[in-house]
Amino acid sequence: MLDRQLIRENPEFVRQGALKKRITAPIDEWIATDQEWRTLNAELENKKAESNRISKSVGELMAQGKREEAEVAKSSTKALKEEISGLEPKVRELDATLEQMELSIPNLPHETVPEGKDEHDNVVVRSWGSPATLPFEPRPHWDVADEIGLLDLSRASKISGSGFVVYTGWGAKLQRALFNFMVDHQVAKNGYHEIFPPYIVNSASLRGTGQLPKFEEDLYKVEEDLYLIPTAEVPVTNLYRDEILDVADLPIRMAAYSACFRKEAGAAGKDTRGIQRVHQFDKVELVKLCTPESSYDELETLVTDAESVLQTLGLHYRVVLLCGPEMSFSNAKCYDIEIWSPAMQKYLEISSCSNFEAFQARRANIRFRREQGAKPEFAHVLNGSGLATPRLFAVLLETFYEPGIGIRIPEPLQSYVGTDLITK
RNA sequence: GGAGGGAUGGCAGAGCGGUUGAAUGCACCGGUCUUGAAAACCGGCGGGGCGCAAGUCCUCAGGGGUUCGAAUCCCCUUCCCUCCGCCA
């Protein structure tokens with residue numbers, strides 16, 4: 001959600017911002033509806049005020065023992081009440097219409113977001129390391145996993161269906177090692193506060209982070225009003241929903257491991273081979289709440305914090321600044337981290353680090369106060385993956401596999417895996 | 001799952017049909033006093049919408065109802081606590 005005041009006062013600014021994302025926002029309709037809403041709402045409130053005044057006077061008259069006058073006052077509210085109950089649904093409806101339109105008004109891109117029309121206009125801002133040069137034909141992760149016995153995809157589909165993974169033996173150990181390592185890394189090296197959240201949340205939380213109402217079809221619904229989380233972003237961000245924080249507590253930086261559940265309804269047939277795109281995966285998520293003036297600095301460190309995991313593991317990647325149309329609806333600025341897959345000979349998105357500014361906080365009602373008595377302001381909310389394991393797992397296999405030997409485990413990971421070499 | 005009890009401002013805690021958006025205490029902010037501090041005293045102090053403002057509307061877990069009028073009465077939902085059962 002954007003600030004209504006902003007749309008009212010700077011409709012062109014909002015329209016242009018949306019256009020940068022190649023979204024045509026219904027600004028004119030919104031302005032007209034808002035105008036109508038304000039007029040009608042003012043009318044409604046005047047009538048309510050009148051009604052309240054009369055009710056109050058009834059009380060006073062009763063106290064003075066003027067019973068007949070009280071009766072007269074009572075009956076005088078009748079017409080007023082009818083007008084009020086006639087007006088109320090109209091006002092409510094207009095408000096609902098406004099909200100509906102606001103669902104198609106995206107967050108505005110930051111001025112530093114590049115113009116563009118598709119992914120070719122994303123800007124590579126830096127890269128680290130270089131593509132692994134292997135003295136043999138790189139093997140895709142599913143081959144490596146098969147040879148050593150790290151995954152059991154066919155049994156996974158037997159017990160759960162396609163798009164699920166069973167990690168076995170060293171594969172399971174490696175998987176567990178990865179997210180343990182990443183959480184420890186973010187806590188110890190980058191100062192995040194560890195959170196272990198519930199995997200099931202209510203609809204209010206999903207509305208707070210914007211998965212509802214728009215993306216319901218991608219969520220697993222457990223029962224009425226309860227859903228599996230598609231990312232730890234949901235429970236972690238919503239920790240502070242409907243709260244007013246003290247500015248001294250900001251920034252709040254949280255790191256959470258969780259399993260993530262996604263139907264991937266629209267992605268059938270895409271990236272089906274191996275474990276690139278699955279219904280249940282594991283991820284360490286980083287979430288920050290901070291003041292508006294610091295959020296772009298926090299975004300930069302969020303990206304470098306996520307990058308530091310790959311650097312520690314010695315994996316080549318690049319950082320890409322997304323152009324307008326590539327960004328998600330609620331982003332103001334977004335960097336993707338793309339990891340190099342030796343077997344596929346291409347970069348895979350492994351992290352997406354976003355500044356939502358106040359867009360999400362407005363939905364989730366997360367505020368802070370600068371000092372005693374000051375007006376609460378919306379916090380800025382950021383998040384990024386740090387990182388998702390399936391692709392990390394895959395690239396790790398492809399990068400560190402040596403034919404006839406096994407998978408060499410990078411030094412920082414060895415104590416977590418319990419070996420320096422995974423063999424059959 | 002069964003039986004009770006509860007939900008009020010940052011916290012504690014009154015209020016149980018009328019002028020109460022809410023007593024009182026604590027916390028917090030400003031001031032007086034003081035060399036400084038504490039204490040004492042005076043003043044302020046929930047959130048949101050609309051409005052240039054005056055002001056006005058909404059908000060006492062959430063939703064519905066009764067009433068001229070609801071924090072107060074009725075119904076539903078949610079959450080918390082205690083006890084019983086079941087179970088990691």
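Chain identifiers are assigned alphabetically (A, B, ...) following the order of the sequence lines, protein sequences preceding nucleic acid strands; residue numbering begins at 1 within each chain.
Across the C1' atoms, B:A23 and B:A71 are found 14 Å apart, a figure rounded to whole Å. Comparing the same atom, C1', in B:C76 and in B:U24 gives a spacing of 34 Å after rounding to whole Å. Between B:C41 and B:C58, the distance separating the two C1' atoms is 38 Å to the nearest Å. B:C16 and B:U72: their C1' atoms are spaced 5 Å apart (whole Å). If you take atom P in B:C80 and the same atom in B:G64, they sit 24 Å apart, rounded to whole Å. Distance check on atom C1': B:C11 versus B:C45 gives 14 Å, rounded to whole Å. Across the C1' atoms, B:G36 and B:U32 are found 16 Å apart, a figure rounded to whole Å. Remark: the separation of the P atoms in B:C29 and B:U66 is 47 Å, to the nearest Å.
Listed by chain and number, the residues in a side-chain contact (heavy atoms from CB on, under 4.5 Å) with A:Pro114 are A:Val123, A:Leu321, A:Cys323 (sequence neighbours excluded). Scored by the salt bridge (charged side-chain N to carboxylate O under 4.0 Å, His left out) test, A:Glu377 finds A:Arg370 as partners (sequence neighbours excluded). Residues satisfying the side chain to side chain donor-acceptor pair (under 3.5 Å) criterion with A:Thr168, sequence neighbours excluded, are absent altogether. Remark: A:Glu285 engages A:Lys283 in a salt bridge (charged side-chain N to carboxylate O under 4.0 Å, His left out) (not counting sequence neighbours). Partners of A:Tyr167 by side chain to side chain donor-acceptor pair (under 3.5 Å), not counting sequence neighbours: none found.
The stretch residues 76-86 of chain A touches RNA chain B through A:Thr77, A:Lys81, each having a heavy atom within less than 4.0 Å of the strand. Of the residues in residues 39-52 of chain A, those placing a heavy atom less than 4.0 Å from an atom of RNA chain B are A:Glu45, A:Lys48, A:Ala49, A:Asn52, in numerical order.
For B:C11, the paired base is B:G25 (Watson-Crick or G-U wobble, both distances below 3.5 Å). With a cut-off of 3.5 Å on both Watson-Crick or G-U wobble distances, the partner of B:C86 is given as none. Base pairing of B:U20: no nucleotide in any strand meets the Watson-Crick or G-U wobble criterion (both distances under 3.5 Å). In this entry B:U35 has no Watson-Crick or G-U wobble partner, no candidate having both defining distances under 3.5 Å. Using the Watson-Crick or G-U wobble rule with both distances under 3.5 Å, B:G4 pairs with B:C81. Pair assignment for B:G30: B:C42, on the basis of Watson-Crick or G-U wobble contacts that are both within less than 3.5 Å.
Annotation: of the two residues near RNA chain B, A:Glu377 and A:Arg92, the 5′-most nearest-nucleotide partner is A:Glu377. Looking at which nucleotide of RNA chain B each of A:Arg4 and A:Glu60 is closest to, the 5′-most match is held by A:Glu60.
Nearest heavy atoms, A:Glu398 versus A:Arg139: CG-O, 3.3 Å.
Within the structure, salt bridge (Lys or Arg N to Asp or Glu O under 4.0 Å) pairs that include any residue of residues 28-40 of chain A comprise A:Arg8-A:Asp34, A:Arg15-A:Asp28, A:Asp34-A:Arg38 (at least two apart or interchain). For residues 322-334 of chain A, no residue pair satisfies the salt bridge (Lys or Arg N to Asp or Glu O under 4.0 Å) rule, not counting sequence neighbours. The side chain to side chain donor-acceptor pair (under 3.5 Å) contacts involving residues 90-100 of chain A comprise A:Arg4-A:Asp95, where partners must be two or more places apart or lie in separate chains. Identified under the salt bridge (Lys or Arg N to Asp or Glu O under 4.0 Å) test for residues 410-424 of chain A, with sequence neighbours left out: none.
A:Arg367 comes within contact range of the sugar-phosphate backbone alone, with a heavy-atom separation under 4.0 Å but no base atom that close. At the heavy-atom level, A:Arg8 lies under 4.0 Å from the strands shown only through sugar-phosphate atoms.
Under the 4.5 Å side-chain criterion, counting only non-hydrogen atoms from C-beta, A:Asn238 is not in contact with A:Val201. Side-chain contact check for A:Leu250 versus A:Ile252: some heavy-atom pair is nearer than 4.5 Å.
Contact footprint of chain A on RNA chain B: nucleotides with an atom under 4.0 Å from a non-hydrogen protein atom, first to last in 5' to 3' order, B:G18 to B:G69.
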Please test A:Asp225 against A:Asn202 for side-chain hydrogen bond (donor to acceptor under 3.5 Å, both in side chains), starting from the C-alpha separation and ending with a verdict. CA-CA 5 Å; A:Asp225 207 51; A:Asn202 54 32; 5.2 Å; no

